[in-house]
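Shown next, in structure tokens, is the structure this report addresses.
In this chain, residues are counted from 1 in sequence order. Model, not experiment: these values are computed from the prediction.
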Amino acid sequence: MTQVIRYAEARTLQGHRAGFASRAVADAIDLGVAWLLGLLGLVAAGVVGYLLTGPPLRLPVLPNWLDATAGAAVAVAYLALSWAATGRSVGKQLAGLRVVDRAGQRLSLWRSFCRAVLYVLFPVGLLWVLASRYNASVQDLVVGTAVVYDWAYHPADEAPAPGDRPPSPTGMVMDARRPI
């Protein structure tokens, strides 16, 4: 049940490494999603506090160090779980991107966790995409991942169709008939 890609430009980019602009847009969306998840956590904590102690309803106020730590933890959890599950976070999904390992497969939970920690601690590493001829960020180089254009839907239990194979580390679409 792989979805057919309708636009010729999208078909030609399918499986190739993503550039800086699309990755920056996806990461900005992900930053907003992580912020909303953190806010949702604060609202949930406020509601639980209200139910236990009664009125008034107040959001917890965290110390600055705990606020930053909690925000980083939310972002790491969100990114790591998204990348391990489908290779896509909300931002990557909207931008038509997927995070894969060097073999073009979905990331393990450990690898996606390491990548997420590096992204949260060293977000400036994304700028390396501008200098890299493989469009790889510092995080991609350290963890051995790639971000590729992928607009097709692949269920977890279904292999991609032959014309829609996962990308190779060089950015070319892998084909069983053609060696990498």
Side-chain angles (χ1 to χ4, degrees), residues 2-41 67-68 70-109 111-156 160 164-174:
T2 301
Q3 185 179 4
V4 176
I5 301 170
R6 289 185 265 172
Y7 301 105
E9 300 88 28
R11 269 194 304 268
T12 59
L13 287 175
Q14 180 77 5
H16 291 276
R17 289 182 182 248
F20 178 77
S22 48
R23 289 176 70 158
V25 167
D27 290 345
I29 293 169
D30 286 336
L31 178 65
V33 170
W35 182 82
L36 285 173
L37 288 173
L39 181 62
L40 193 65
D67 193 24
V74 166
V76 166
Y78 159 68
L79 292 172
L81 293 174
S82 297
W83 294 336
T86 61
R88 297 175 183 219
S89 54
V90 173
K92 299 266 189 282
Q93 176 72 33
L94 291 174
L97 305 176
R98 184 180 301 271
V99 181
V100 295
D101 65 7
R102 287 187 176 137
Q105 302 300 314
R106 189 177 322 156
L107 301 182
S108 66
L109 183 57
R111 186 175 274 184
S112 63
F113 174 76
C114 292
R115 187 174 196 275
V117 167
L118 286 172
Y119 256 91
V120 170
L121 292 179
F122 190 62
V124 130
L126 179 63
L127 293 175
W128 188 251
V129 172
L130 297 170
S132 171
R133 66 180 191 173
Y134 295 112
N135 287 354
S137 67
V138 170
Q139 295 85 350
D140 291 329
L141 296 172
V142 170
V143 183
T145 58
V147 178
V148 295
Y149 292 107
D150 187 3
W151 289 276
Y153 170 73
H154 309 288
D164 199 25
R165 304 209 56 99
S168 73
T170 60
M172 300 306 293
V173 176
M174 292 191 300

How long is the gap from [atom1] on [X] to [atom2] on [Y], to the nearest 0.5 Å?
X	Y	atom1	atom2	result
Asp150	Arg98	CG	CZ	4.5 Å
Leu107	Phe113	CG	CZ	14.0 Å
Trp83	Ser89	CH2	OG	6.5 Å
Trp128	Phe20	CH2	CZ	14.0 Å
Leu37	Trp35	CG	CH2	11.0 Å
Leu79	Leu31	CG	CG	9.5 Å

For residues Asp140 and Ser137, is any side-chain donor paired with an opposing acceptor at under 3.5 Å?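 Distance-only check passes for Asp140 and Ser137.
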
Go through the structure and list residues passing side-chain contact (heavy atoms from CB on, under 4.5 Å) with Asp27, not counting sequence neighbours.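 With sequence neighbours excluded, Asp27 shows a side-chain contact (heavy atoms from CB on, under 4.5 Å) to Asp30, Lys92, Tyr119, Leu126, given in chain and number order.
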
Name all residues meeting the side-chain contact (heavy atoms from CB on, under 4.5 Å) criterion together with Thr86; count only those two or more places apart in sequence or in a different chain, and write none if there are none.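 Per chain and number, Thr86 pairs via side-chain contact (heavy atoms from CB on, under 4.5 Å) with Arg88.
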
Going by heavy atoms in the side chains, are [X] and [Y] under 4.5 Å from each other?
X	Y	answer
Arg106	Val100	no
Val142	Leu118	yes
Leu36	Leu40	no

Output every pair passing salt bridge (Lys or Arg N to Asp or Glu O under 4.0 Å) with a member in residues 70-81, not counting sequence neighbours, ordered by first then second residue.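 Qualifying pairs: none.
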
Strictly by salt bridge (Lys or Arg N to Asp or Glu O under 4.0 Å), give each pair with a member in residues 118-132 just once, sequence neighbours left out. none

Minimum heavy-atom distance [X]-[Y], with the two atoms named:
X	Y	result
Ala72	Val120	CB-CG1, 3.7 Å
Ala26	Leu97	CB-CD1, 4.0 Å
Arg115	Arg23	NH2-NH2, 3.6 Å
Val74	Ala34	CG1-O, 3.6 Å
Leu109	Ala80	CD1-O, 4.2 Å

Report the residue from Val147, Val148, Val143 that forms a side-chain contact (heavy atoms from CB on, under 4.5 Å) with Val99. Val147

Not counting sequence neighbours, which residues clear side-chain hydrogen bond (donor to acceptor under 3.5 Å, both in side chains) with Arg111? List them please.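 Counting only residues at least two positions away or on another chain, Arg111 forms no side-chain hydrogen bond (donor to acceptor under 3.5 Å, both in side chains).
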
Checking Ser22 now: which residues fulfil side-chain hydrogen bond (donor to acceptor under 3.5 Å, both in side chains) with it, not counting sequence neighbours?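 Testing Ser22 for side-chain hydrogen bond (donor to acceptor under 3.5 Å, both in side chains), a comparison that skips the adjacent residues, returns Tyr149.
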
Flag, side chain of Gln139 to backbone of Val117, donor-acceptor distance under 3.5 Å: no

Is Ser112 reaching over with its side chain to a backbone N or O of Ser108, donor-acceptor style, under 3.5 angstrom? yes

Go through it in stages, so that I can follow the logic: the residues are Val138 and Leu127, the test is side chain to side chain contact (heavy atoms under 4.5 Å, CB included), and I'd like the CA-CA distance, side-chain angles, deciding distance and then a yes or no. CA-CA 8 Å; Val138 170; Leu127 293 175; over 6 Å; no

